[in-house]
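Everything on this sheet refers to the single structure shown next.
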Amino acid sequence: MLDVKNLTKTFGGLVAVNRASFSVNPGEILAVIGPNGAGKTTIFNLITGLLTPDEGEISFQGHPLIGLKPHQIARLGISRTFQNLELFRAMTVAENVMVGAYTKGKTGFVRAILRRPGTTAGDRKRYGEALDLLRAVNLADYADEPAESLPFGLQRLLEIARALAAGPKLVLLDEPAAGLNAGESQALVDFLRGLREQNLTFVLVEHDMTTVMDVADRIVVLNFGSVIAAGTPAEIRSNPEVIRAYLGEDET
Ligand SMILES: Nc1ncnc2c1ncn2[C@@H]1O[C@H](COP(=O)(O)OP(=O)(O)OP(=O)(O)O)[C@@H](O)[C@H]1O
């Protein structure tokens, strides 16, 4: 579904992503892991068009993505969440989800922001759809509260609901479990599994290994921008190079 080939991105002299190649299969949950600074977020930014690679190719369902603008990539069916939440804090929880639906093309972005729910039949429909999504992440009770009033863990779930509102085929989640407590992380895992059953595909960057091992079908491991391993959670857990990257080399 998504093919990344020989992707390279440098910032000045720093090679953030170094000839990275991997594929994402339809209907799977792929986790991208690696130590801090390994290049995970940079790869997300390259896939979603926020950055342009120095070299390499990215294609989504056969469409080359390099050179496309972020909104064009979103329209092809790729949504994402951000490591540092990027919610519209003063807008309500439901409005945040409704804004997420704008890439579907039915509602203009400005209109989605300016119009209050309930004004027209179309607005009521969109509000209803937002509520359905909020129910799925157990946030429906907060629909009319400002997003900023939610505890941090719930804001993360709201960001995921907003990404889903666009009706994507592929969702990139940047550290979805960060700031969640154990119960919230488990709810997230169950939620993602349920969505995978409905044929959604996910790539997630995550530091929380319990969540990764629990939810991922496959794992790609990055170290200093290079892919050092790819495989099932069981294969990755016993891979000596991965263990070295995480635990550091023995002193010599
Ligand atoms: N815009 C930028 N300008 C300069 N250097 C950058 C930029 N973005 C990222 N980097 C550098 O590129 C490297 C990879 O960063 P990236 O954020 O992709 O890593 P990461 O694996 O997502 O890390 P973390 O797990 O800490 O979020 C780091 O050394 C980082 O400092």
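Note that ligands are numbered from 1 as they come in the structure, with each ligand's atoms numbered from 1 the same way. Residues: numbered from 1 along the sequence shown. Remember, it's a predicted structure, so these values are computed and weren't measured experimentally.
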ask   = Judged by non-hydrogen atoms, does His207 sit under 4.0 Å from ligand 1?
value = yes
ask   = Can you check whether Pro64's main-chain N or O pairs, donor with acceptor, with Ser59's side chain at less than 3.5 Å?
value = no
request  = Indicate yes or no for a side-chain donor-acceptor contact from Gln72 to the backbone of Lys69 under 3.5 Å, with no hydrogens or angles considered.
outcome  = yes
inquiry  = What protein heavy atom lies closest to atom 17 (O) of ligand 1? Include the residue and the distance to one decimal.
reply    = Thr41 CB, 3.8 Å
ask   = If you draw a 6.0 Å radius around CZ in Phe22, do more than 12 non-hydrogen atoms from other residues or ligands fall strictly inside?
value = yes
ask   = Are a donor atom and an acceptor atom from the side chains of Thr41 and Asp174 found within less than 3.5 Å of each other?
value = yes
ask   = With a 3.5 Å cut-off and no angle check, do the side chains of Asn239 and Arg244 form a donor-acceptor pair?
value = no
message = With nothing but distance in play, are any N or O atoms of Ala16 less than 3.5 Å from an N or O of ligand 1?
response = no
key: Least distance between heavy atoms, Val203 atom then Val24 atom   = CG2-CG2, 3.7 Å
query = Out of Ile33, Leu14, Asn223, Thr42, whose heavy atom sits nearest atom 29 (O) of ligand 1?
reply = Leu14
note = Atoms of ligand 1 under 4.0 Å from any heavy atom of Lys40, numbered from 1 in the order shown, are 18 (O), 19 (O), 20 (P), 21 (O), 22 (O), 23 (O), 24 (P), 25 (O)
inquiry  = If I apply the N/O under 3.5 Å rule, does Gly39 come out as touching ligand 1?
reply    = yes
query = With distance as the sole test, does Glu55 use its side chain to make a donor-acceptor pair with the main-chain N or O of Thr8 at under 3.5 Å?
reply = no
ask   = Are any of the protein's heavy atoms under 4.0 angstrom from atom 31 (O) of ligand 1, yes or no?
value = no
query = To which protein heavy atom is atom 26 (O) of ligand 1 closest, and what is the distance rounded to 0.1 Å?
reply = Asn36 OD1, 3.3 Å
query = Taking N or O atoms only and a 3.5 Å limit, does Gly34 qualify as a polar contact for ligand 1?
reply = no
inquiry  = Which residue and atom name correspond to the protein heavy atom nearest atom 14 (C) of ligand 1, and how close is it?
reply    = Gly37 O, 3.3 Å
Atom 6 (C) of ligand 1: the protein heavy-atom neighbour that sits closest, reported with distance to 0.1 Å = Phe11 CD1, 3.3 Å
task = Could you go through the salt bridge (charged side-chain N to carboxylate O under 4.0 Å, His left out) check for Arg196 and Glu28 one step at a time?
result = CA-CA 7 Å; Arg196 179 184 51 187; Glu28 79 173 346; over 6 Å; no
